[in-house]
Student: 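Here it is: the structure, laid out below.
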Amino acid sequence: MKNTLPALASLGCVLLLAGCGMLPDKPARATLYDFGPGLSTAAPAAAAPTTALPALSLAEFDSNTRLDGTQILYRMGYADANELRPYGQSRWSLPPAQLLRQRLRDTLAERRTVLGPEESATLARTESIVPDTLRISLDEFSHYFDAPASSTGLVRLRATLVRSATGGDRVMGQRTFTVRRPATSADAPGGVKALIAASDAAMAEVVQWVDQLQQQEPPQPRAAAPRR
């Protein structure tokens, strides 16, 4: 009996150590992605126009509920294009609509004053100036696979430019923008880079479209209401 006690104790230690070795590892932390440090890090274009454009109110982006989260989504178009799938260990730092709105605001602000909804309301109240309002609806933002080894970053959004007048709001124009950019790898990092490239291209198209509409119909200050 005396000889068996040390043996049992040793066996218990071995089993305890083995059990510790079988414990699951800590869950891996998800990798976070955003659109980078911003456009200010890029060298300005040599022929960039300097003419200031009218102030613009940028509304909060709308998006479908599937894009409200921070998951990086992909579609296997060659298998089932209707199914959205998330990458397991990769996330956006913010929902895509918020990242896109920040990018668009930065792009627009290079040549004009960009206001939020509250700032626009204050300007209308204090200076009787009502800027045009740009509304964006984000409909698609996914890493799209045409084949196992061929994929793109796919961005689709709908832009609406609205002008407020005495008789009510008027839609100056509405357009859907669909942009694809090739991915260099069939994984989350490749999809992220492709989606950022597609987003920047889409933002550039939106800005050009807004500029053209406002040049065709320059905004006019609203007459101030008479004081009582």
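The model shown is predicted, which means the values in this text are computed figures rather than measured ones.
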Student: Can you tell if the side chain of Asp146 reaches within under 4.5 Å of the side chain of Arg180, non-hydrogen atoms only?
Tutor: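 They are in side-chain contact.
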Student: Roughly how far, to the nearest 0.5 Å, is the CZ atom of Phe177 from the CD1 atom of Ile136?
Tutor: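 Those atoms lie 7.5 Å apart.
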Student: Over 60° means perpendicular and under 30° means parallel, so tell me whether Phe141 and Phe35 are parallel, tilted or perpendicular.
Tutor: parallel
Student: Are Val207 and Leu104 close enough that some pair of their side-chain heavy atoms sits under 4.5 Å apart?
Tutor: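 Of all side-chain heavy-atom pairs linking Leu104 with Val207, at least one is under 4.5 Å.
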Student: Tell me, with the steps shown, if Leu56 and Leu161 meet side chain to side chain contact (heavy atoms under 4.5 Å, CB included).
Tutor: CA-CA 10 Å; Leu56 186 70; Leu161 188 63; 3.9 Å; yes
Student: Could you check if a side-chain atom of Ser90 sits within less than 4.5 angstrom of a side-chain atom of Val192, using non-hydrogen atoms only?
Tutor: no
Student: Can you tell if the side chain of Arg101 reaches within under 4.5 Å of the side chain of Glu60, non-hydrogen atoms only?
Tutor: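 They are in contact (side-chain heavy atoms under 4.5 Å apart), so the answer is yes.
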Student: Under the ring-ring contact (aromatic ring centres under 6.0 Å, His included) rule, what do Tyr87 and Tyr74 come out as? Steps first, then yes or no, please.
Tutor: CA-CA 7 Å; Tyr87 283 108; Tyr74 66 94; 4.7 Å; yes
Student: For Gln212, does the CD atom have more than 12 heavy-atom neighbours from other residues, nucleotides or ligands under 6.0 Å away?
Tutor: yes
Student: Working to the nearest 0.5 angstrom, can you tell me the gap between Arg135 CZ and Arg158 CZ?
Tutor: 12.0 Å
Student: Could you pull out the closest heavy-atom pair between Ala186 and Pro148, with the gap in Å?
Tutor: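 Residues Ala186 and Pro148, closest heavy atoms: CB-O, 3.9 Å.
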Student: Taking the side chain as every heavy atom from C-beta outward, state whether Thr133 and Thr160 have any atom pair closer than 4.5 Å.
Tutor: no
Student: Is there a path of hydrophobic side-chain contacts, each under 4.5 Å between heavy atoms, that joins Ile72 and Leu94?
Tutor: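 In one cluster with Ile72: Leu94, yes.
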Student: Within a strict 4.5 Å, meaning less than it, do heavy atoms of the Val210 and Leu53 side chains meet?
Tutor: no
Student: How long is the straight-line distance from CG of Asp139 back to OG1 of Thr178, given to the nearest 0.5 Å?
Tutor: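 Interatomic distance, Thr178 OG1 to Asp139 CG, rounded to 0.5 Å: 8.5 Å.
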Student: Taking the side chain as everything from C-beta on, heavy atoms only, tell me whether Ile196 gets closer than 4.5 Å to Arg103.
Tutor: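 Answer yes - side chains close enough.
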Student: Looking at CZ of Arg75 and CG of Leu84, how far apart are the two atoms once the value is rounded to the nearest 0.5 Å?
Tutor: 3.5 Å
Student: Can you find a heavy atom in the side chain of Leu99 that is under 4.5 Å from one in the side chain of Ser93?
Tutor: yes
Student: For the residue pair Ala183 and His143, what are the closest heavy atoms and their distance?
Tutor: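 In this case the closest contact between Ala183 and His143 is CB-NE2, 3.6 Å.
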Student: Whether the side chain of Asp106 engages the backbone of Ala109 through a donor-acceptor N/O pair (distance < 3.5 Å, no angle test) should be reported.
Tutor: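 Such a contact is absent between Asp106 side chain and Ala109 backbone.
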Student: Please give me the minimum heavy-atom distance between Ala198 and Val179, naming the atom from each residue.
Tutor: O-CG1, 3.6 Å
Student: Which heavy-atom pair separates Tyr144 from Gly77 by the least distance, and what is that distance?
Tutor: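 Distance-wise, the nearest heavy atoms are OH-CA, 3.4 Å.
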Student: Could you check Arg181 against Lys193 for side chain to side chain contact (heavy atoms under 4.5 Å, CB included), going step by step and ending with a plain yes or no?
Tutor: CA-CA 9 Å; Arg181 288 296 182 269; Lys193 292 179 180 179; over 6 Å; no
Student: Please report the interatomic distance CG(Asp200) to CG(Leu100), rounded to the nearest 0.5 Å.
Tutor: 9.0 Å
Student: Taking all atoms of both residues into account, what is the closest heavy-atom pair of Leu115 and Pro131, and its distance?
Tutor: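 Looking at all heavy atoms of both residues, the closest pair is CD1-CG, 3.9 Å.
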Student: Applying the 4.5 Å side-chain criterion to the ILVMFWY set and letting contacts propagate, would Leu58 and Met203 be lumped into a single cluster?
Tutor: yes
Student: Mind checking whether Leu73 and Tyr78 sit in one hydrophobic cluster, side chains of I, L, V, M, F, W, Y counted as touching below 4.5 Å?
Tutor: yes
Student: So which atom in Pro54 and which in Gln214 form the shortest heavy-atom distance, rounded to 0.1 Å?
Tutor: CD-OE1, 4.0 Å
Student: For the pair Asp211 and Arg111, evaluate salt bridge (charged side-chain N to carboxylate O under 4.0 Å, His left out) and give the outcome as yes or no after the intermediate values.
Tutor: CA-CA 10 Å; Asp211 290 352; Arg111 292 181 59 199; 3.6 Å; yes
Student: Out of curiosity, Trp92 CH2 to Leu195 CG, how far, rounded to the nearest 0.5 Å?
Tutor: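 Trp92 CH2 to Leu195 CG: 5.0 Å, rounded to 0.5 Å.
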Student: With a 4.5 Å cut-off on side-chain heavy-atom distances among I, L, V, M, F, W and Y, is there a chain of contacts connecting Leu213 to Leu108?
Tutor: yes
